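None of the values given here were measured: they were computed from a predicted structure.
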Amino acid sequence: MFDPEIIRRDFPILSREVYGKPLVYLDNAATAQKPLQVIDAMDKLALSSNANIHRGIHRLSIESTEAYEAARQTVARFIGASDARGVVFTSGATAAINTVAYSFSERFISEGDNIIITEAEHHSNIVPWQIVCGRKKAIIRVLPCDESGNLEYGKLPELIDKRTRLVAVTGASNVLGIKNDIKRMVDTAHGHGIPVLVDGCQSVVHGSIDVEQSGCDFFVFSGHKLYGPTGIGVLYGRPHLLEQLPPFMGGGDMVATVSFNKTTFADIPLKFEAGTANFTGAVGLAAAIDYLPRLDGRAAGMHERNLLDYATAEISSIPGVRIYGTGEDKCPILSFSVEGVHPSDIGLILDKMGIAVRTGMHCAEPLMQRYGVTGMCRASFAFYNTMEEARLLVEGVAKAINMLG
């Protein structure tokens with residue numbers, strides 16, 4: 001049996017109150033809370049070894065450099081990368097996607113080419129490609145999803161032609177929770193010689209990731225959704241591809257030689273890590289990854305699924321409620337709307353009950369347009385949430401709808 005009460009001891013913030021009510025934190029798809037082990041790892045580095053990495057010969061610099069590079073190895077093992085040179089630290093998943101968008105387009109995209117994305121993407125996997133297409137006079141093509149939220153995989157071959165240069169797809173929708181069949185997407189794209197980028201922000205949290213097994217060419221995720229710190233993210237790229245791409249930013253620590261006539265760049269991954277790295281964040285991310293094996297992953301996943309199933313069944317039975325993302329293979333994300341009620345009004349009432357949910361477009365405006373709504377309420381569960389919290393959510397939603405008429 002999985003007991004979230006034991007796990008909650010590692011997350012002191014969950015014991016606080018909001019407006020005199022116990023906090024019920026159900027906004028985990030936006031930012032998950034950090035366990036003490038992550039906070040302690042970052043504090044330890046800040047208190048004992050705080051010094052810039054890669055550039056110093058003194059003891060503190062050596063220690064911080066070793067911790068940073070050890071974090072890179074930890075990430076590589078976590079995502080199943082056989083070569084840690086493919087692991088680039090960024091400020092987040094958004095920065096990682098923008099890095100690929102700029103660098104890949106500089107090397108491989110020309111006027112008249114096209115990039116395929118899906119209807120279920122976060123803005124971070126839409127806007128960078130729009131900028132690329134505007135700069136390169138290329139075209140975006142969109143793979144739609146059906147009413148349940150599943151991608152229409154059969155239409156992907158119809159979108160691919162000889163001018164297709166990249167497929168960019170989310171591993172799991174941050175709105176619908178649907179886990180996409182990445183292997184199928186990759187196999188189809190690779191059958192035409194096209195590389196694939198996967199936005200793993202949601203999927204990396206709710207299931208094992210193996211970039212070698214999936215075959216994806218680029219994989220990105222952020223630390224703060226994985227019980228780690230903000231301001232740190234990961235870009236994984238196949239080393240042979242990264243070696244072909246120009247750097248996204250220039251500055252210190254990403255160069256081999258500099259003169260006023262010419263600059264040569266460092267080898268990967270440092271070529272893509274200009275400036276002072278967030279070495280403290282990298283150590284925190286590694287600590288978050290090291291924390292996860294403390295859990296029984298299968299039991300934790302079943303617990304999250306039980307929370308989702310209960311809340312979905314109860315809230316969907318309320319008159320006027322519509323649930324989005326009804327496919328079988330889901331992350332513990334529940335998005336819904338109420339006929340005639342603005343989602344923000346429900347969110348504000350829930351907040352006064354101590355219940356934190358997300359409302360709005362969730363940085364997925366095209367998906368909102370696809371379903372004909374201006375926003376949704378989203379409750380997203382984590383392994384530290386309890387069935388009592390799920391019950392409070394259900395009661396809170398029913399009460400809010402009743403109050404709003």
Side-chain angles (χ1 to χ4, degrees), residues 1-36 174-177 202 205-206 224-225 227 295-296 299-326 330-360 362 373 375-405:
M1 296 292 293
F2 184 82
D3 187 356
E5 294 294 348
I6 296 175
I7 301 299
R8 289 171 72 89
R9 299 169 190 168
D10 293 333
F11 297 82
I13 194 172
L14 299 178
S15 63
R16 70 161 290 183
E17 292 187 347
V18 177
Y19 304 115
K21 306 284 187 180
L23 171 65
V24 178
Y25 188 78
L26 300 177
D27 194 21
N28 297 286
T31 293
Q33 298 302 333
K34 295 184 284 291
L36 285 169
N174 71 305
V175 176
L176 307 174
Q202 300 298 331
V205 186
H206 301 292
H224 67 104
K225 298 181 192 297
Y227 310 99
L295 310 172
D296 179 334
M302 290 179 62
H303 171 67
E304 291 173 338
R305 183 69 200 208
N306 289 338
L307 297 174
L308 176 66
D309 288 347
Y310 167 77
T312 300
E314 294 296 320
I315 290 176
S316 64
S317 69
I318 301 173
V321 171
R322 181 183 179 186
I323 303 292
Y324 301 91
T326 56
K330 285 192 62 171
C331 298
I333 293 174
L334 172 58
S335 291
F336 62 94
S337 64
V338 181
E339 185 178 358
V341 177
H342 197 283
S344 294
D345 292 336
I346 294 175
L348 287 170
I349 293 174
L350 290 175
D351 178 51
K352 298 301 181 184
M353 302 177 192
I355 304 171
V357 299
R358 181 72 65 171
T359 65
H362 312 295
V373 296
M376 301 176 187
C377 294
R378 183 187 71 188
S380 47
F381 299 94
F383 50 70
Y384 47 57
N385 291 123
T386 66
M387 191 58 73
E388 173 64 10
E389 290 180 320
R391 186 188 65 79
L392 288 171
L393 170 69
V394 172
E395 291 182 356
V397 170
K399 183 176 181 179
I401 293 173
N402 184 60
M403 290 174 63
L404 294 166

Closest heavy-atom pair, S316 versus V321, reported as atoms and distance to 0.1 Å, is CA-CG1, 4.4 Å
When rounded to the nearest 0.5 Å, the distance separating CZ of R305 from SG of C331 is 10.0 Å
Given F383 and L295, is the side chain to side chain contact (heavy atoms under 4.5 Å, CB included) satisfied, shown in steps? CA-CA 9 Å; F383 50 70; L295 310 172; 3.5 Å; yes
Donor-acceptor pair, S337 side chain versus M376 backbone, under 3.5 Å? no
Quiz item: So, do I355 and Y25 sit near enough that their side-chain heavy atoms are less than 4.5 Å apart?
Solution: no
query: Are E389 and R8 ion-paired here, with the side-chain N under 4.0 Å from a carboxylate O?
result: yes
Taken to the nearest 0.5 Å, the spacing of L392 CG from L26 CG works out to 9.0 Å
What one should report as the nearest heavy-atom pair of L307 and A390 is CD2-CB, 4.1 Å
**Request:** Please answer whether the main-chain N or O of A32 pairs with a side-chain N or O of K225 as donor and acceptor at a distance below 3.5 Å.
**Result:** no
Can you find a pair of side-chain heavy atoms, one from I333 and one from V175, that are under 4.5 Å apart? no
Set out, in order, the CA-CA distance, both residues' side-chain angles and the distance that settles side chain to side chain contact (heavy atoms under 4.5 Å, CB included) for L393 and V357, then state yes or no. CA-CA 9 Å; L393 170 69; V357 299; 4.1 Å; yes
Between the CD1 atom in I323 and the OG1 atom in T312, the distance rounded to the nearest 0.5 Å is 6.0 Å
In short, C377 meets P343 closest at the heavy-atom pair SG-O, 3.5 Å
Distance col, row L23:CG vs F11:CZ, nearest 0.5 angstrom, shows 13.0 Å
Measuring only between side-chain heavy atoms, which start at C-beta, is L334 closer than 4.5 Å to I315?
yes
Looking at R358, I want to see if its CZ is surrounded by more than 12 non-hydrogen atoms of other residues, nucleotides or ligands under 6.0 Å. no
Practice prompt. Evaluate side chain to side chain contact (heavy atoms under 4.5 Å, CB included) for V24 paired with L350, printing each intermediate quantity in order.
Written response: CA-CA 10 Å; V24 178; L350 290 175; over 6 Å; no
In short, salt bridge (charged side-chain N to carboxylate O under 4.0 Å, His left out) pairs touching residues 395-405 with sequence neighbours left out are R391-E395
Just wondering, do M353 and I349 contact through their side chains at under 4.5 Å, heavy atoms? yes
For a 4.5 angstrom cut-off between non-hydrogen side-chain atoms, does H362 reach R378? yes
Give a yes or no on whether E17 atom CD has more than 12 heavy-atom contacts from other residues, nucleotides or ligands under 6.0 Å away.
yes
Find out whether the Lys NZ or Arg CZ of K34 is both under 6.0 angstrom from the six-membered ring centre of Y227 and within 45° of the ring's axis.
no
dist Q33:CD -> I13:CD1 (nearest 0.5 Å) comes out at 4.0 Å
Discussion item. I'd like to know if the side chain of E304 and the backbone of P332 have a donor-acceptor N/O pair within less than 3.5 Å.
Written reply: no
Could you tell me if N28 and Y384 have a donor-acceptor pair between their side chains, going purely by distance under 3.5 Å? yes
Rounded to the nearest 0.5 Å, the NE2 atom of H342 sits from the OG1 atom of T359 at a distance of 7.5 Å
N306 meets the side-chain contact (heavy atoms from CB on, under 4.5 Å) criterion, sequence neighbours left out, with M387
